[in-house]
Amino acid sequence: MSLSWSAKDHKNTNQAAAAGLKRSRNDAGNKVTVVLGAQWGDEGKGKVVDLLATEADVVCRCQGGNNAGHTVVVDGKEYDFHLLPSGIINPKSISLIGNGVVIHLPGLFEEGDKNDKKGLKGWDKRLIVSDRAHIVFDFHQVVDGLQETERQAQEGKNIGTTKKGIGPAYSSKASRTGLRVCDLLGDFKDFSTRFKNLVHQYQSMYPSLTVDVEDQLKKLKDYGERLRPMVRDGVYYMYEALHGPPKKILVEGANAALLDIDFGTYPFVTSSNCTVGGVCTGLGIPPLNIGEVFGVAKAYTTRVGIGAFPTEQLNAVGELLQTRGHEVGVTTGRKRRCGWLDLVIVRYAHMINGFTAIALTKLDILDVLDEIKVGVAYKLNGKRIPHFPANMDVLHKVEVEYETFPGWKTDTSAARKWNDLPAKAQNYIRFIENHIGVPIKWVGVGKSRECMIQMF
Ligand code: GDP
Ligand code: IMO
Ligand code: MG
């Protein structure tokens, strides 16, 4: 059969269409709803997913690993999720870890057991893990630390990674020496040989790396057996979910647009695609099945780790946002850097993701401020630039143009509908909406599930 597209093929397609076989955009199956971070992470994705997950049949993670930290507060109880989709709280929905995720098995079971003690029973019966997902080994985490030390020594600065082995695991995947869940559950002799080769490869790069290979293999075998009942062909599972009876499918993005390996503030980024393309590649689903894409943005900006941050406030405002917002990393316990809302980055995230609506979180944190600034444009040598700079030296040099708003100086935490918000807060929200050009669907005014104003 010829692989080139000929006039004859057109004829065949027309015949297929006539026979009713042609698929249109409208009958491509169920759509997935996607929740993505629109800044540098920790925007409150977990809370938005939790809100939507109460009605979801399937909640999926498609990229990242346990570098993510998603907090969900339900009935006064706080849960933090790293590898498990936040939807695991809903006993009626299935959670899926897709092929694009990198899994540290001890981390996964620790997280599950910790949540089990908090009352989240039966999580392992509701979890499905793709057999194509790559495994993060303990030595990947050690190497993550060694690479950070090396960067510090060579360049005088590191990335400030979470040291969860994310970079090294995705490097193994890209260099085709990585090992996947299907390998662990296949011929263990073959897996052991490839594991030893991988260890050897890293030891030749990092001579100080010591690995107790036999002990690791024994543990991995045990983890593999515990994992086995959860493992499926992720592509086929998603295909059936998309093409069976109507289903609500939710995808929980981890990390965020500005941490994306391609579009983020490289090299101060994570190692996966945290933008919408990662949903297709990380689950094995067609773009036609992407439905709503919700961007999550805080009413100000935070960042953990190193890297340019044009609206950062290294002053009393930054300190106030940090303390009032409890801006401490869920995964690493590090203080988050804080600054004014930067709409240049949110608009940039929208260019890439095509948000259909925005969830604006943590508005309540701004309640006490006399005035509030919003970054609306970047200038270079006194001239506005229309794009987000790729080069970090350039990004360090940009001058931010701000709009200033009067603070509302009112407690918004009890607001449950639009009309409960003070006019000045409404004004702030409407400005953001108009500037990004995307409707704001939710406004967050507190940690718990009910503290979310739904606008439409
Ligand atoms: P994620 O990584 O995007 O899921 O976000 P994190 O869970 O790392 O960080 C967001 C933090 O803000 C968590 O502690 C949430 O409980 C909290 N949070 C989310 N939305 C709101 C909100 O609207 N108001 C307040 N005060 N806290 C919120
Ligand atoms: P959630 O899903 C905030 C940051 C790290 C570091 C850089 C690279 O909770 O929003 P990595 O360990 O991924 O190699 O670290 O990326 N980072 C995050 N910052 N929230 C996250 O996830 C993050 N995931 C990675 O701090 O600067
Ligand atoms: Mg987080």
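Counting starts at 1 for both ligands and their atoms, in listed order. All values reported here derive from a predicted model rather than from experimental measurement.
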- Query: What part of Lys47, side chain, backbone, both or neither, has a heavy atom within less than 4.0 angstrom of ligand 1?
  - Reply: side chain

- Answer with side chain, backbone, both or neither: which part of Ile365 has a heavy atom less than 4.0 angstrom from an atom of ligand 1? side chain

Provide the number and element of each atom of ligand 2 under 4.0 Å from a heavy atom of [X].
| X | value |
| --- | --- |
| Trp40 | 3 (C), 19 (N) |
| Gly305 | 27 (O) |
| Lys45 | 1 (P), 2 (O), 10 (O) |
| Val269 | 7 (C), 8 (C) |

In the protein, what heavy atom is nearest to [atom], and what distance, to one decimal place, separates them?
| atom | answer |
| --- | --- |
| atom 8 (O) of ligand 1 | Gly69 O, 2.8 Å |
| atom 5 (C) of ligand 2 | Gly160 O, 3.6 Å |
| atom 3 (C) of ligand 2 | Asp42 OD2, 3.2 Å |
| atom 26 (O) of ligand 2 | Arg334 NH2, 3.0 Å |

- Task: Specify whether an N/O/S atom of Asp42 falls short of 2.8 Å from the Mg ion (ligand 3).
- Result: yes

- Message: With a cut-off of 2.8 Å, does Gly69 put an N/O/S atom close enough to the Mg ion (ligand 3)?
- Response: yes

With respect to [atom], which of [options] exhibits the smallest heavy-atom separation?
| atom | options | value |
| --- | --- | --- |
| atom 15 (C) of ligand 1 | Asp42, Val48, Thr71, Thr331 | Thr71 |
| atom 18 (C) of ligand 2 | Asp144, Asn66, Val102, Leu259 | Leu259 |
| atom 17 (C) of ligand 1 | Met452, Lys362, Gln39 | Lys362 |

- Message: Yes or no: does His70 have any heavy atom under 4.0 Å from an atom of ligand 2?
- Response: yes

